[in-house]
Amino acid sequence: MEIEKTYAPENFENEIYQKWEQQGCFKPSYDSAKEAFSIALPPPNVTGSLHMGHAFQQTIMDTLIRYHRMKGDNTLWQCGTDHAGIATQMVVERKLLKEENKTRHDFGREAFIDRVWKWKEESGGNITKQMRRLGTSVDWSRERFTMDEGLSRAVLEVFVKLYDEDLIYRGKRLVNWDPKLRTAISDLEVENRDVKGFMWYIKYMLADGIKTADGKDYVLVATTRPETLLGDAAVAVNPQDPRYKDVIGKEVILPLVGRRIPVVADIHADMETGTGCVKITPAHDFNDYAVGKRHQLPMLNILTEDARIRDEAEVFDTNGEITDKISGYIPEAYRGLERFAARDRMVEDLKANGLLDRIEDHQLSQPFGDRGGVPIEPMLTDQWYVRASVLGKPALEAVKDGRIRFVPASYANMYYAWMNDLQDWCISRQLWWGHRIPAWYDEKGNIYVAHNEDEVYSKYHLDRSVKLERDPDVLDTWFSSSLWTFSTLGWPDDTVELKMFHPTSILVTGFDIIFFWVARMIMMTMHFMKNPDGTPQVPFKTVYVTGLIRDEEGNKMSKSKGNVLDPLDMIDGIDKDSLISKRTANMMQPQMAEKIKKRTAKQFPSGINAHGTDALRFTLCALASNGRDINWDMKRLEGYRNFCNKIWNASRFVLMNTGEITLAKPLRDNLSLADRYILSKLKESIENVTSSIQSYRFDQVANYIYDFIWNEYCDWYLEFTKAILNSENVSNAKKAATSYTLVEVLEAIMRMAHPVMPFLTETIWQKTAPIIGKMNDSGTIINAAYPQASEWEKDIKAEEEINFIKEFVTVVRNLRAEMKIVPSTVIAPIFRGASDLEEECIRKNFSFVKNLTNIESVNFVKAGTELPMCASKPLRSAEVLVAMKDFINKEDEIKRLTAMMEKIKANIRSAEAKLHNEAFVSKAPAKIIEGARAQLQLNETQLEKVEQQLKELEKME
RNA sequence: GGAUGCUUAGCUCAGUUUGGUUAGAGCAUCUGCCUUACAAGCAGAGGGUCACAGGUUCGAGUCCUGUAGCAUCCACCA
């Protein structure tokens, strides 16, 4: 059998994947008689690259997909990529600026979009290449892109329908504005960061000689954003506040501007906080916006798109209509200043005018745009919104009543919390890369929504002379991805795939996008997809939520921290220098590079070794417990690489012993005890692994596979078979039976483990399946049947007998180790006081025992037989002894026995305490009491033996 | 401020839903072995008052209450 000595995955993984893909192994069977199983891959950013989170989630999905495919299900894994609006546009803009020193405006909209498409063509293959390396068995023939024709059609359809149903509207509202990217972003894209700042206390002089209760001619306003006072529309105090009761309804003079603004009473002003008196800037603060609405205040927008002070404020009435009732005057000194420069300047001026009472340090959490990285600015703009509050209701119900199940269930709470208080979703973005909003405006600003411009004329019965202009904005990326499960299956057409594979079976994703994506997918899908009976269809029945993969110390992996691990590097390895240059390339803060270099060199002094895809996947599975974050552990990966090597070598052993001849299924009578035992354990393992997959416990899947292969098949069974195969006293028929069983179990193990470790199992399966006639027409394990426990029998007798042999072997090995008898020394242990059954078991299976302990014989003697100086160890209610004369000294042995005795005595005490407890005996279930009794009895027998042994020992010289 | 999760061996984690013999795994450590599949290995060993304090129970790592620390999410922050 030609199979190399060491596991070298790089020799076969790529080749196998290519063969699978060429053969079309990943396509569904489209057999409607079979159960359907489908997963929609969360579409990665088209120009991105694979990170640990992808590797983790795709491993889980692939494991499920391969399992169901092997079960014979009609299995679809729908894949594709996302255009990732902001992220992609930013990358391309940065690239163009760096390489050609041009902005997108230099190109113009169309030319710029062309460049983005070009970039997508160039780099879009990266992530799919990496997915292939990971063994991801998606149906590549159905690969989609969120901006391809079909999906764009779905987006258009959804937008128009929702608009016609009044579930999408356009409105002037306060939005989160990113002044760097110059676009609106949704609430979710805002990240609050704690920053050190200041609180400025500013005097607003009272007009008309009014005074406060304590006789001051001003009110003191505390603010963290002094520059926004240019847009103040009022000052608010609490209606209950005695300090200000006299000034309510009066006016103050806006510092630096001179405009008169009212003092209003509003509960928003908290008497306990600050000075109890708060400035109201409706166009630049969300709370103030609400206060403004309540008091019909005007809204003054003082900022430009890039957050500079305007020359004159835009003034709107409380309904958002432009008004000239209020002056939008802004002092010349501040015009055109960037927002923070304006702040400094204004604070100086306030100080000079004696209007600044004091400045205090203040800890505040400031909103930042998660993409642009600069503080966001609440801005009054026209944007498009989805009435999430309406769509959210059925979406909430679907999870509450169990049509959609979260795994782990605790994530449902997070979902409820958000869905219960759902804000309308701002879907327009002032970008160029994305789905352009299908809305047109005439010269009067009337809105027309349709699939295209032609349709606008017919739909709205417009005369062709009406000039239309299309809305320049594009849709939030998540708008198109919220349609992902059905748009990829051909909606709005009524396709076979939709009928067959929707709802999808399970969604595997990170908790960080439950709101961004999962919730919105549920909302959109339930609105547009209906079951035959008209009830809303959910996008998936189960949501499996994964945790984050962090580094060894529990830090998030991020480019800026320089602690990112690339899954491909763990598969194929990387040398130290390449790793360092990879981690320090294109740093946003170049000063960090040196630090990262040092740390990387320290942590990976010789780079990262290649471990192969299977080891990586196995590790990811083993770590996948309960949706918790995972601290990545290189050692664990190494351990499982070793496991792959173990499987490899066990296979070598099997194949060396069987050759490439085919073997016939043996008669049951010819099976050895060991054969029957391992087949029985195989059955148990398949049961365990199968039920673990079904309950999404991938850590258990990995553990059961590991435990069976290493601790049963390799450590015990393979060793037993050596005694059979190398013996001259065993018939050829029986040897053949054992050879067959060796292959039979190995072949089944390969199928059992294939969903987790596809490449290694395919390789070994190719060699083993033909031997026992299990090769299939397609010639790949992908289409082999998943092993079923019912194919094998439980053999309790064989298990019990082998268990006793194992115990005996372990006791002898223990004695050896404790006596420091080297393995090469042949010994002849004595088995004193064994039952007839026990004696027979050891006699009958002496060849097994001999092989595993290097003994020449076992001497059986009756209980109580006096023996020369021996070391002993209890075995059930008997004992195993080794003549000790050459091996040990008396004191050591006494010490050892005394320690053992103490242990036994402690056991006896605990059992006795229980059994003497009236309450325990009367209340505990019979089974437990029986157990305690048995424990007591066994320990008493053993104590007797040990005591006797001690006595004998002490007598001797 | 609200919510959730976590705290178990030196490290990384299972086990807690449904209470029941002596709490498990991998890695690391120690001892002895190159035994014809595997030194990426084999055989053994040591190591845990299950965060803390109460309670319920015959019995608590597991259930209840409280405390502390850590983490995350949401809200607010004049």
Side-chain angles (χ1 to χ4, degrees), chain A residues 3 5-7 192 199-202 220-225 235-236 268-270 273-280 285 287-288 362-366 408-411 413-414 417-418 421 511-512 514-515 547-548 552 554 609 611 622-623 625-636 638-657 697 699-700 703 706-707 714-715 718-719 722 726 810 813-814 816-818 820-824 851-854 903 906-907 910-911 914 917-925 927-932 934-936:
Chain A
I3 168 165
K5 195 170 168 180
T6 306
Y7 168 66
N192 288 307
M199 180 80 84
W200 287 270
Y201 291 83
I202 303 167
L220 201 55
V221 166
T223 180
T224 54
R225 305 243 9 224
V235 163
H268 166 62
D270 179 0
T273 313
T275 59
C277 182
V278 54
K279 64 197 252 341
I280 301 298
D285 181 283
N287 282 312
D288 294 3
H362 186 70
Q363 191 80 24
L364 75 161
S365 80
Q366 199 176 4
S410 55
Y411 282 106
N413 290 328
M414 190 167 148
W418 196 63
D421 182 32
F511 72 94
D512 49 331
I514 287 182
F515 304 143
L548 231 55
E552 273 89 347
N609 288 329
H611 296 85
L623 295 172
S625 59
N626 271 333
R628 277 175 51 166
D629 284 359
I630 291 169
N631 293 349
W632 184 251
D633 183 1
M634 269 310 202
K635 292 287 184 187
R636 199 81 186 246
E638 276 165 33
Y640 290 125
R641 191 267 323 262
N642 294 354
F643 176 55
C644 291
N645 187 54
K646 186 77 180 177
I647 296 176
W648 187 260
N649 277 295
S651 306
R652 280 182 67 221
F653 171 81
V654 171
L655 295 169
M656 282 164 83
N657 279 288
R697 284 302 305 267
D699 57 332
Q700 288 178 4
N703 286 336
Y706 187 97
D707 182 62
C714 292
D715 283 354
L718 288 194
E719 296 305 324
K722 286 175 186 172
N726 298 334
T810 305
R813 283 173 174 172
N814 263 310
R816 247 189 203 286
E818 283 169 27
K820 305 213 191 315
I821 307 169
V822 293
S824 53
N851 214 36
L852 293 174
T853 52
N854 195 21
K903 246 187 201 165
N907 288 344
S910 95
K914 271 185 200 166
N917 184 340
E918 194 62 34
F920 175 75
V921 179
S922 61
K923 288 188 181 169
K927 208 175 137 196
I928 301 300
I929 299 173
E930 271 316 298
Q935 184 202 345
L936 181 62

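To find a chain, count down the sequence lines: A is the first, B the second, and so on, and within it residues start at 1. Computed from a predicted model, the values in this text were never measured in an experiment.
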Euclidean distance for C1', B/U49 against B/A45 (whole angstrom): 23 Å
Considering only heavy side-chain atoms of A/R641, the closest of B/G20, B/C38, B/A40 is B/A40
Where the side chain of A/F653 is concerned, which of B/A37, B/G44, B/G15 is the nearest nucleotide? B/A37
With distance as the sole criterion, do the side chain of A/E719 and the base of B/A43 form a donor-acceptor contact below 3.5 Å? no
Contact class for A/K927 (heavy atom, under 4.0 Å): base, sugar-phosphate, or nothing? nothing
Please determine whether salt bridge (charged side-chain N to carboxylate O under 4.0 Å, His left out) holds for the pair A/K722 and A/E719, giving the CA-CA distance in whole Å, both sets of side-chain angles, and the decisive distance to 0.1 Å. CA-CA 5 Å; A/K722 286 175 186 172; A/E719 296 305 324; 3.1 Å; yes
A/E552 to A/N631 - nearest heavy-atom pair and separation: O-CB, 4.1 Å
Closest approach of A/W648 to A/Y7 (non-hydrogen atoms, all atoms of both residues): CD1-N, 3.5 Å
Pick base, sugar-phosphate or nothing for A/T223, based on heavy-atom distances below 4.0 Å to the nucleic acid. sugar-phosphate
Under 4.0 Å between any heavy atoms, over every strand shown, what does A/K923 touch: base, sugar-phosphate, or nothing? Just pick one. base
Taking the same atom, P, in B/C6 and in B/U18, what whole-Å distance lies between them? 15 Å
Classify the nucleic acid contact of A/N413 as base, sugar-phosphate or nothing, counting any heavy atom under 4.0 Å across all strands shown. nothing
What is the distance, rounded to the nearest whole Å, between atom CG of A/D699 and atom C1' of B/C13? 9 Å
So which one's nearest nucleotide on RNA chain B is more toward 5', A/A932 or A/F643? A/A932
Once you apply a heavy-atom cut-off of 4.0 Å, does A/R636 come out as touching a base, just sugar-phosphate, or nothing? base
Between atom CG in A/D629 and atom P in B/A71, what is the gap in whole Å? 12 Å
Could you check which of B/A45, B/A37, B/C13 has an atom nearest any side-chain atom of A/N814? B/A45
Nucleotide nearest A/K646 (side chain, heavy atoms from C-beta), chosen from B/A78, B/G41, B/G20: B/G41
When we call it a touch if two heavy atoms are under 4.0 Å apart, what does A/A269 touch: a base, just sugar-phosphate, or nothing? base
Looking at B/C33, B/G20, B/C42, which one has an atom nearest to any side-chain atom of A/D715? B/C42
Provide the distance between the two C1' atoms, one in B/C30 and one in B/G10, to the nearest whole Å. 13 Å
Picking from B/A37, B/A40, B/G26, the nucleotide nearest the side-chain atoms of A/Y706 would be B/G26
Which residue lies more 5' along RNA chain B, comparing A/N657 with A/E552 via nearest heavy atoms: A/E552
Heavy atoms under 4.0 Å, any strand shown: does A/H268 hit a base, just sugar-phosphate, or nothing? base
Which nucleotide wins on minimum distance to the side chain of A/Q935, given the candidates B/C13, B/G32, B/U22? B/U22
Side-chain N or O of A/N917 versus OP1/OP2 of B/G59: is the shortest distance under 4.0 Å? no
Using the P atoms only, state how far B/C27 lies from B/C76, rounded to an integer number of Å. 49 Å
Assign A/L623 to base, sugar-phosphate, or nothing according to its heavy-atom contacts below 4.0 angstrom with the strands shown. nothing
Would you indicate what A/Y7 reaches in the nucleic acid, counting non-hydrogen atoms under 4.0 angstrom: base, sugar-phosphate, or nothing? base
Describe the nucleic acid contact of A/S922 in one word from base, sugar-phosphate, nothing, applying a heavy-atom distance below 4.0 Å. nothing
Secondary structure of RNA chain B in dot-bracket form (Watson-Crick or G-U wobble, distances below 3.5 Å, | marking inter-strand pairs): (((((((..((((......[...)))).(((((.......))))).....(((((..]....))))))))))))....
